[in-house]
Protein chains: 2
Amino acid sequence: MSGHHPARGRRAGERKGDLRERAILDTCETLLAEKGYDAMKVGDIAQGAGITRGALYFYFGSKQEVVAALVARTVEHLWERSRVAAETTEPRQAITAAMRRTIELWAEHGLVMRTAIDLSLTVPEIGELWSHTADLFIDAIRAVLERAGVPAGDAPHQASAMARALCWMIERTFYHASQDSPEQLQQASATCEHIWMTTAGLTA
Amino acid sequence: MSGHHPARGRRAGERKGDLRERAILDTCETLLAEKGYDAMKVGDIAQGAGITRGALYFYFGSKQEVVAALVARTVEHLWERSRVAAETTEPRQAITAAMRRTIELWAEHGLVMRTAIDLSLTVPEIGELWSHTADLFIDAIRAVLERAGVPAGDAPHQASAMARALCWMIERTFYHASQDSPEQLQQASATCEHIWMTTAGLTA
DNA sequence: GGGAAAAATAAACGCGGTGTAGATTTTCTC
DNA sequence: GAGAAAATCTACACCGCGTTTATTTTTCCC
């Protein structure tokens, strides 16, 4: 058992320490890229943020909480971006636009997204965040499929199930591609787009 | 740094300890299902296998090595099954047969396969095993696509890239479905099969 | 500018888990 | 049945996390 209640300090808007909190998350992101989750120790994060271990535990209750907060920050960003888009009605355009946006998201936040996926099992809070995010994407895909004429419903070849499968395809394909080069992301995107189109009944 | 060279004991065929080695892997598989990787401690595995921690370290150099061995054992099984099949030439039948086989594999070995995927990043040896396995599947899918008329090649809408995307779709979809019920596996399979068919240009 | 609250420091400590070492017993082999 | 190799046990050293405490510095705000 770690901490039952937050044991967090500082409540009430926008103290100075919010700066440090951001510094901690930034450092965490950097170290995650450099060494990976396991090898990254709490002391490293603190040091990188210019504080001591003790001080870090004033802001966050555990290592997992730090990473969870980092994921939350990133994921919130994803949601905003997604809310803005998704207004195109013509299916073909919608798909193309969505894939372009997906490339941007993975190019910019690939590391954190991969970390979120990896830790989904281990850290329940992160699991929640990511599965919620996935649901948003699935629903967006579902809407496009239905607009393109795929019958609505939960059965195997109806829109919901297909959208889910397509979402996992995109997630996994970009997960791998984002570990390589930006070119790989482009390639991956083109392939996913084509399969999505075909599945939607839109023969290119 | 853990252990550089194996530090393994016992070489030369079929000592008594091979029995224990199997017992260790069996216990590991059980505990993995019950508690998950992190919560499963080395002492638990040893106890389950009827020996002490120290004895376990005679057979395996680390916790990771134990799980890697378990994955290797399972994956070898997968390879055999795949070698036997994949002789159907008619694309539609080949796809249906492949999906039926995939259901069986995930129903039987879902837990270990999920573990392999989860630890691919953390444990290099497991990463190797799994990516090799994935390559086999990708190649099988590629062959079917080409037989169905999809042009060969590495470009985004040619057979190789599409096969890769389809493989990740199947992996991830089954990964999730296998955590729920056998019924979910059936559903997932039907959906994946449909998308695969469509992608291959075989309108159902 | 002075007092309260917030933010940070340093130095311990306990806990749990991994991996290692050395001694010891069992088992094979001749 | 003696010696070697295999298998096992017990005890320990290490590392990292999370906690605690006591003490200082910074910041807020009236």
Side-chain angles (χ1 to χ4, degrees), chain A residues 1-25 27-28 31-32 34-70 119 122-123 125, chain B residues 1-25 27-28 31-32 34-70 119 122-123 125:
Chain A
M1 318 301 155
S2 37
H4 318 92
H5 23 192
R8 188 76 55 86
R10 180 197 37 84
R11 275 292 143 203
E14 292 307 313
R15 297 259 173 220
K16 165 71 168 303
D18 289 320
L19 196 70
R20 279 286 158 76
E21 196 161 321
R22 227 174 325 124
I24 292 173
L25 297 187
T27 306
C28 179
L31 292 180
L32 224 36
E34 283 175 9
K35 335 173 72 170
Y37 180 80
D38 288 337
M40 169 184 73
K41 38 199 148 181
V42 184
D44 295 338
I45 306 176
Q47 189 176 22
I51 55 177
T52 52
R53 254 165 43 91
L56 189 146
Y57 277 105
F58 176 78
Y59 291 100
F60 298 96
S62 70
K63 182 181 177 181
Q64 294 192 344
E65 246 184 59
V66 175
V67 182
L70 172 61
L119 296 182
T122 317
V123 188
E125 196 181 343
Chain B
M1 323 295 156
S2 34
H4 318 94
H5 24 190
R8 189 75 56 83
R10 178 196 42 81
R11 277 292 144 204
E14 293 308 312
R15 295 262 173 216
K16 164 74 166 300
D18 288 319
L19 196 70
R20 278 286 157 76
E21 194 162 323
R22 225 172 328 123
I24 291 173
L25 296 188
T27 306
C28 179
L31 292 179
L32 224 37
E34 283 173 11
K35 334 173 74 169
Y37 180 80
D38 287 337
M40 169 185 73
K41 36 200 152 179
V42 184
D44 295 339
I45 306 176
Q47 189 176 25
I51 52 177
T52 52
R53 269 165 33 89
L56 188 147
Y57 277 104
F58 174 77
Y59 291 99
F60 299 98
S62 69
K63 180 181 176 180
Q64 294 190 344
E65 242 182 63
V66 175
V67 182
L70 173 61
L119 296 183
T122 316
V123 187
E125 195 182 344

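These figures come from a predicted structure and were not determined experimentally. No hydrogens, no waters, no symmetry mates; every other heavy atom, side chains included, goes into these values.
One interatomic measurement links the two molecules: CD1 of A:I24 to C1' of C:dA8, which rounds to 11 Å at whole-angstrom precision. To the nearest angstrom, P of C:dT27 lies 16 Å from CG of B:D18. Separating the CD atom of A:Q64 from the P atom of D:dC17 is a distance of 11 Å, rounded to the nearest angstrom. Atom CZ in A:R20 sits roughly 11 Å away from atom P in D:dT26 (whole-Å rounding). Between B:Y59 atom OH and D:dA6 atom P there is a gap of 11 Å when expressed in whole angstrom units. Remark: C1' of C:dA8 and CZ of A:F60 are 15 Å apart, rounded to the nearest angstrom. Between A:F58 atom CZ and D:dT25 atom C1' there is a gap of 14 Å when expressed in whole angstrom units. If you take OH of B:Y57 and P of D:dC14, they are 17 Å apart, rounded to a whole angstrom.
The stretch residues 34-48 of chain A has no heavy atom under 4.0 Å from DNA chain C, so no residue of it qualifies as close. Residues from residues 49-56 of chain B with heavy atoms under 4.0 angstrom of DNA chain D, sorted by number: B:I51, B:T52, B:G54, B:A55.
Taking A:K35 as the reference, A:D44 meet the side chain to side chain donor-acceptor pair (under 3.5 Å) condition, with sequence neighbours excluded. A search for side chain to side chain contact (heavy atoms under 4.5 Å, CB included) contacts involving B:Q47 returns nothing, not counting sequence neighbours.
Taken from CD1 in B:I24 to CZ in B:F60, the straight-line distance is 5.0 Å, to the nearest 0.5 Å. The CD atom of B:E125 lies 9.5 Å from the CD atom of B:Q64; values are rounded to the nearest 0.5 Å. To the nearest 0.5 Å, the span separating OG1 on B:T27 from CD on B:E34 amounts to 10.0 Å. With rounding to the nearest 0.5 angstrom, the CZ atom of A:R22 is 11.5 Å from the OH atom of A:Y59. Remark: A:R20 CZ to A:I51 CD1 distance equals 6.5 Å, nearest 0.5 Å.
Geometric assessment of B:K63 against the ring of B:Y57 yields a negative cation-pi assignment under the 6.0 Å and 45° thresholds.
Within the structure, no pair that satisfies the salt bridge (Lys or Arg N to Asp or Glu O under 4.0 Å) test touches residues 46-56 of chain B, not counting sequence neighbours.
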